[in-house]
Structure formats: C-alpha cells, structure tokens
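Whatever order the structure lists ligands and atoms in, that order sets their numbers, starting from 1.
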Amino acid sequence: MKAVLCRRWGGPESLSVEDAADPAPGPGEVAIRVEGCGVNFADTLIIQGKYQVRPDLPFTPGMEVAGAIAAVGEGVERYRVGDAVIGMVGTGGFAERVVCPERHLLSRPAAVDGVTAASMPVAYGTAHIALADRAGLKPGESLLVHGASGGVGLAAVEVGKAMGALVIATASSDDKLAIAREHGADHAIDYTKGEFRDTVKELTGGGADVIFDPVGGDVFDQSLRCISWGGRLLVIGFAAGRIPQAPANIVLVKNISVVGVHWGTYRDKGRTVLRDSFTRIFGWLEEGKLRPLVSRTYILDETARAIGDLAERRARGKIVVTP
Ligand SMILES: NC(=O)c1ccc[n+]([C@@H]2O[C@H](COP(=O)([O-])OP(=O)(O)OC[C@H]3O[C@@H](n4cnc5c(N)ncnc54)[C@H](OP(=O)(O)O)[C@@H]3O)[C@@H](O)[C@H]2O)c1
C-alpha cells in the first residue's frame with residue numbers, strides 16, 4: 001500500500017509518500033481500507049514534534065478516517081469485514097490502510113459518504129463534548145465561537161445552534177464570516193479589524209455565557225474581557241501560536257470557569273460520554289441540523305499541500321485526503 005511517512009520533524013514539505021507493507025490487525029484490532037482521512041491542525045504540529053503526543057519516527061500522521069473494514073483481528077466481536085466504519089485512529093490515517101483498535105471504531109451512518117464521515121469525528125466530537133459535557137451550554141445562552149470557519153470552529157457554530165444558543169462567530173475575512181453565517185451564526189465579527197469585546201458585550205447585553213476558543217493568544221486575552229458573570233471559557237487550542245495565561249484574579253472577580261478540553265482522551269477515559277456524543281451528533285445530522293463542510297479534497301500524494309493549507313490559514317471547514 002501507499003502511506004505518508006514522517007521520517008524527521010519538520011513542516012509538510014518534509015513528508016514523503018512511500019510504499020509500505022499492508023498493516024495486519026492484532027488481537028482486538030481491525031484493518032480499515034481508507035476512503036478519507038480528515039486533516040486537522042494537530043497534523044501541522046505532530047509532524048514538527050510539537051503536539052501533546054510525540055510518536056516514534058518514522059510514523060504516518062492522520063488522526064481520523066472513514067472506510068470499510070478489510071480484515072478483522074482475533075477477538076473482535078462487533079465488526080465484520082466490509083462494515084462501513086469511522087476510525088478515531090490518532091495516527092496512521094494518511095495511508096491506503098490503517099489498523100484501529102475496535103474500541104476506537106464507530107459504525108458509519110448509512111446516509112454518510114466516506115469523505116464526509118472522515119471529516120466529522122474530531123471537529124464535531126470536540127465541539128459537542130466541549131459545549132455539552134464541559135460547558136453545559138443551555139438553550140437561550142450566548143455562545144462566542146472563535147476561528148468559526150475552521151474545522152472545530154464551524155462545527156461549534158452548528159452544534160451551538162442545534163443546542164439552542166445565540167451564536168456569535170469570529171473569523172479573519174469576509175468569506176470566512178459568510179461561511180459561519182451560512183452554517184447558522186447569528187452574528188459575525190472580523191476579529192482582525194480592531195477589538196471584538198465591545199461588540200460582543202453589546203450583542204449579549206454584558207458578555208458571552210460560553211466562549212469556544214481554538215485560537216488562543218490575544219483572542220483568549222480579549223475573551224476574558226467579554227465573558228459574562230458565571231461564564232465558561234473553553235480552552236480548545238492555540239492556532240495563533242501563543243499559549244495564553246488566565247490571571248486568577250479575573251477568574252475570581254468575574255466568577256468564571258476556564259475549562260480545558262482534550263477530546264482525544266475521551267476515546268479511553270470517557271468512552272460512554274463519547275459514544276453518547278456521537279449518537280447525538282449523528283441524530284442531528286439525520287435531522288439536517290448539521291451540514292458538514294468539506295471544502296476541498298486532496299489525493300494521498302498531495303497530503304503535504306493539504307496540511308500546508310491549515311498551517312497557512314487557507315482551509316475552510318474541513319479538508320479531507322482521499323487515498
Ligand atoms: N482540545 C481538543 O480536543 C482539540 C480538538 C481539535 C482541535 N483542537 C485545536 O483547535 C485548533 C483548531 O483546529 P482545527 O483542526 O479546527 O484547525 P483549522 O481548521 O485550521 O482552524 C483553525 C482556525 O484558527 C484560526 N487561526 C487564527 N490564527 C491562526 C494561525 N496563526 N494559523 C492558523 N489558523 C489560525 C483560523 O481562522 P481565521 O483565519 O478566521 O482566524 C482557522 O480557521 C487547533 O489549535 C487544534 O489543535 C483541539
């Protein structure tokens with residue numbers, strides 16, 4: 001099979017596409033014939049050795065796949081060869097085949113094609129667990145979503161609307177703001193044109209109840225200035241590059257919670273929450289409340305370009321690599 005290989009830490013240009021042996025599933029694992037692998041900001045970090053997880057070199061990046069089961073290892077009970085699945089693989093997805101433990105599989109809803117399915121787990125999974133499980137977002141509350149045209153950002157806009165929130169989106173250009181509005185945002189602010197905090201305070205009558213922040217840096221700092229009394233600030237990521245600090249005096253005085261979210265760890269530490277979350281997500285998908293945006297697909301040989309699009313802020317919604 002063909003697979004993308006990261007042989008040394010570096011940017012997307014350091015990746016190569018090579019022939020590799022078909023991986024065989026061990027006990028409790030399946031091999032998936034990959035139809036699509038979603039591209040994530042984490043892929044830009046993991047290949048530089050800057051992600052929370054630092055795999056041994058060489059390795060194949062790619063966190064989330066959809067496809068059909070090609071082989072089943074000993075002891076696998078719930079899946080058979082040919083089943084359409086989604087694999088939350090962590091690494092190994094940018095390849096024609098990948099091995100995945102049974103516990104990290106989801107059955108793919110019949111109505112969802114492989115490319116769309118590959119775009120969903122990380123983005124919608126993170127958005128829903130953050131807003132529902134970590135922030136306890138309630139209908140009628142206001143939700144501020146930063147980087148709202150990106151993978152997790154756009155999913156948070158849709159999930160926020162499905163949960164009955166008033167959604168305010170921020171992004172860096174008119175076309176990105178238009179995408180956020182098309183996917184349900186009630187208001188949209190270009191956060192590269194001056195401060196957003198006064199506009200957010202005006203729109204919410206004092207401050208946002210929940211803030212979903214995958215950007216970090218200055219955006220996080222300003223978010224502390226436009227959060228409501230009792231608000232929840234969700235720490236999703238640091239796409240802007242700087243990891244911000246939350247002064248404890250502001251947390252105290254404003255009576256707010258700064259809430260960490262690490263979706264990937266729910267695969268092992270929060271499996272029931274994760275499964276319930278996907279039941280909800282796929283239910284909304286069936287009801288037409290979620291409309292996943294795959295703005296572009298690339299073939300396996302173009303994986304470096306796909307990852308480069310995220311690193312260079314060119315992506316809209318999700319990008320998927322199709323082996
Ligand atoms: N905690 C978790 O479990 C979890 C799960 C998934 C993702 N994440 C994190 O969430 C963040 C977004 O991930 P994603 O996969 O959704 O990425 P993405 O699709 O590339 O979206 C990132 C967004 O961040 C904004 N941004 C601001 N400054 C940027 C910069 N200097 N470079 C690139 N983008 C910048 C961009 O929007 P504008 O151009 O409009 O500013 C972009 O749309 C990442 O930090 C990622 O690690 C965390």
How about Leu224 and Ile256: do any of their side-chain heavy atoms sit closer than 4.5 Å?
yes
Distance under 4.0 Å to a non-hydrogen atom of Gly150: what atoms of ligand 1 satisfy this?
19 (O), 21 (O), 43 (O)
Closest to atom 5 (C) of ligand 1 among Ile129, Asp218, Ile319, Thr126 (heavy-atom distance)
Thr126
With backbone taken as N, CA, C and O and side chain as the heavy atoms from C-beta onward, which portion of Ala171 lies under 4.0 Å from ligand 1: side chain, backbone, both, or neither?
both
Side chain proximity check, Glu35 to Val65, heavy atoms < 4.5 angstrom
no
Of all protein heavy atoms, the one nearest atom 10 (O) of ligand 1 is Pro214 CB, 3.5 Å
Where's the contact between Val122 and ligand 1, heavy-atom distance under 4.0 Å: side chain, backbone, both or neither?
side chain
Where is the nearest protein heavy atom to atom 2 (C) of ligand 1: which residue, which atom, and how far?
Val261 O, 3.6 Å
Could you list the atoms of ligand 1 found under 4.0 angstrom from a heavy atom of His262?
3 (O)
Which protein non-hydrogen atom lies closest to atom 24 (O) of ligand 1, naming both residue and atom, and how far is it?
Ala239 CB, 3.6 Å
Who gets closest to atom 41 (O) of ligand 1 by heavy atom: Tyr191, Trp263, Phe212?
Tyr191
Of the non-hydrogen atoms in Ala165 and Leu143, which two are nearest, and what is the gap between them?
CB-CB, 4.1 Å
Mind checking whether Asp218 and Gln222 have side chains closer than 4.5 Å, heavy atoms only?
no
Heteroatom distance test (Gly151, ligand 1): nitrogen or oxygen, under 3.5 angstrom
yes
Any donor-acceptor N/O pair, Ser223 side chain to Val219 backbone, under 3.5 Å:
yes
Of the choices Leu310, Asp190, Asp309, which has the non-hydrogen atom that lies closest to atom 20 (O) of ligand 1?
Leu310
Could you check whether Glu18 pairs with Arg7 (Lys NZ or Arg NE/NH1/NH2 to Asp/Glu carboxylate O, under 4.0 Å)?
yes
When you measure from the heavy atoms of Gly241 to every atom of ligand 1, does any distance fall below 4.0 Å?
no
If you count the atoms of ligand 1 from 1 in the order shown, which ones are under 4.0 Å from a heavy atom of Lys176?
37 (O), 38 (P), 39 (O), 40 (O)
Is any side-chain heavy atom of Val200 closer than 4.5 Å to one of Ser142?
no
In terms of residue, atom name and distance, what is the protein heavy atom nearest to atom 36 (C) of ligand 1?
Arg313 CG, 4.0 Å
For ligand 1 and Ile236, I'd like to know whether there is a polar contact (N/O to N/O, distance under 3.5 Å).
yes
Backbone or side chain, does any N or O of Ser172 fall under 3.5 Å from an N or O of ligand 1?
yes
Is Asp268 paired with Arg103 through a side-chain N to carboxylate O contact shorter than 4.0 Å?
yes
Do Glu64 and Lys318 have side chains that approach each other closer than 4.5 Å (heavy atoms only, starting at C-beta)?
yes
Counting from 1 in the order shown, the ligand 1 atoms closer than 4.0 Å to a non-hydrogen atom of Gly237 are 9 (C), 45 (O)
Please tell me if the side chains of Leu131 and Leu234 come closer than 4.5 Å, counting only heavy atoms from C-beta onward.
yes
If you measure every N or O of Phe238 against every N or O of ligand 1, does any of those distances drop under 3.5 Å?
yes
For ligand 1, is there an N or O atom under 3.5 Å from any N or O atom of Phe41?
yes
Tell me the protein heavy atom at minimum distance from atom 7 (C) of ligand 1, and give that distance in Å.
Val152 CG1, 3.7 Å
Between Lys2 and Asp301, is the salt bridge (Lys or Arg N to Asp or Glu O under 4.0 Å) condition met? List the steps.
CA-CA 9 Å; Lys2 276 165 87 179; Asp301 285 326; 3.2 Å; yes
Please say which of Phe212, Phe220, Phe196 ends up in a ring-ring contact (aromatic ring centres under 6.0 Å, His included) with His146.
Phe196
